[in-house]
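Report on the following structure.
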Amino acid sequence: MVSQLKLKIMNIIGRLTRDAQISTLLSDKQVVNFSVAVNDSYRNKQGERVEHTEYFNCAYWISTNVAKVLTKGTLVELNGRVSARAWIGGDGEAHAALNFHTSKIKLYGGGKRSVAGGNRNDSAVPANNGTDDLPF
């Protein structure tokens with residue numbers, strides 16, 4: 001029997017909801033943690049515009065140097081794997097979160113920068129001059 005490898009790779013574009021933080025694990029391995037808000041909108045059957053925001057908790061394991069430029073409000077494009085997590089909190093309420101294990105980060109606006117294991121990519125485009133509707 002041959003087992004198939006099923007990867008859930010996706011790209012998301014959104015804005016950081018807080019500055020990135022570096023965490024050190026017991027094994028002395030470091031990870032950069034940050035949160036990204038992704039906005040979406042559509043028209044319902046009544047023709048009204050409906051806005052929706054998804055929040056992703058992100059982890060980047062390749063280099064901690066990126067934490068310096070991952071600040072609240074920065075527009076980023078991320079490539080990686082997504083997973084869902086659910087738990088019951090201390091208050092007995094059900095909670096859920098989307099986790100994004102980032103393998104590539106592209107920064108938009110403020111210059112042409114990309115972080116992917118230290119590579120630079122000049123194909124980034126500038127942000128749209130603040131015309132986004134930010135959820136924060």
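In this text, all values refer to a predicted model and were calculated from it rather than measured experimentally.
- For the residue pair His95 and Glu93, no side-chain donor N or O sits within less than 3.5 Å of a side-chain acceptor on the partner.
- With rounding to the nearest 0.5 Å, the separation of CG in Leu75 from NZ in Lys106 is 11.5 Å.
- Side-chain atoms of Ser63 come within 3.5 Å of backbone atoms of Asn65 as a donor-acceptor pair (strictly under, hydrogens ignored).
- Under the 3.5 Å distance criterion, with hydrogens and angles disregarded, no donor-acceptor pair is assigned to the side chains of Thr71 and Asp19.
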- Message: I'd like to know whether Val36 forms a side chain to side chain contact (heavy atoms under 4.5 Å, CB included) with Tyr55, so could you lay out the CA-CA distance, the side-chain angles of the two residues, the decisive distance to 0.1 Å, and finally the verdict.
- Response: CA-CA 6 Å; Val36 172; Tyr55 297 90; over 6 Å; no
- Task: Mind running side chain to side chain contact (heavy atoms under 4.5 Å, CB included) on Asp40 and Glu54 for me, showing each step along the way?
- Result: CA-CA 8 Å; Asp40 189 20; Glu54 289 288 345; over 6 Å; no
- Task: Could you check Phe56 against Val82 for side chain to side chain contact (heavy atoms under 4.5 Å, CB included), going step by step and ending with a plain yes or no?
- Result: CA-CA 9 Å; Phe56 292 85; Val82 68; 3.9 Å; yes
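- Nearest heavy-atom pair across Ser35 and Arg18 is CB-NE, 4.0 Å.
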- Task: For Ile12 and Met10, run side chain to side chain contact (heavy atoms under 4.5 Å, CB included): C-alpha distance rounded to whole Å, both residues' side-chain angles, the deciding distance at 0.1 Å, then the answer.
- Result: CA-CA 7 Å; Ile12 61 173; Met10 64 184 287; 3.6 Å; yes
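- To the nearest 0.5 Å, atom CG of residue Leu78 and atom CD1 of residue Ile13 are 9.0 Å apart.
- Formation of a donor-acceptor pair under 3.5 Å by the Ser103 side chain with backbone atoms of Asn79 is found in this model.
- To the nearest 0.5 Å, atom OH of residue Tyr42 and atom CZ of residue Arg49 are 12.0 Å apart.
- Side chain of Arg15 to backbone of Gly73: a donor-acceptor contact under 3.5 angstrom is found.
- Grouping Ile, Leu, Val, Met, Phe, Trp and Tyr by side-chain contacts under 4.5 Å, direct or through others, leaves Trp87 on its own.
- Put simply, the side chain of Asn57 reaches to within 4.5 Å of the side chain of Arg85, judged on heavy atoms.
- Residues Val38 and Gly14 approach most closely at CG2-CA, 4.3 Å, considering heavy atoms.
- Between Ser83 and His101 there is a side-chain heavy-atom pair separated by less than 4.5 Å.
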Please set out all donor-acceptor pairs under 3.5 angstrom arising from side-chain atoms of residues 20-34, sequence neighbours excluded.
| residue | atom | partner | partner atom | Å |
| --- | --- | --- | --- | --- |
| Ser23 | OG | Asn33 | ND2 | 3.1 |
| Thr24 | OG1 | Gln30 | NE2 | 3.2 |

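- Put simply, CG on Leu107 and CG on Leu70 are 6.0 Å apart, with the number rounded to the nearest 0.5 Å.
- In this structure, Arg81 CZ and Ile9 CD1 are separated by 7.0 Å, a value rounded to the nearest 0.5 Å.
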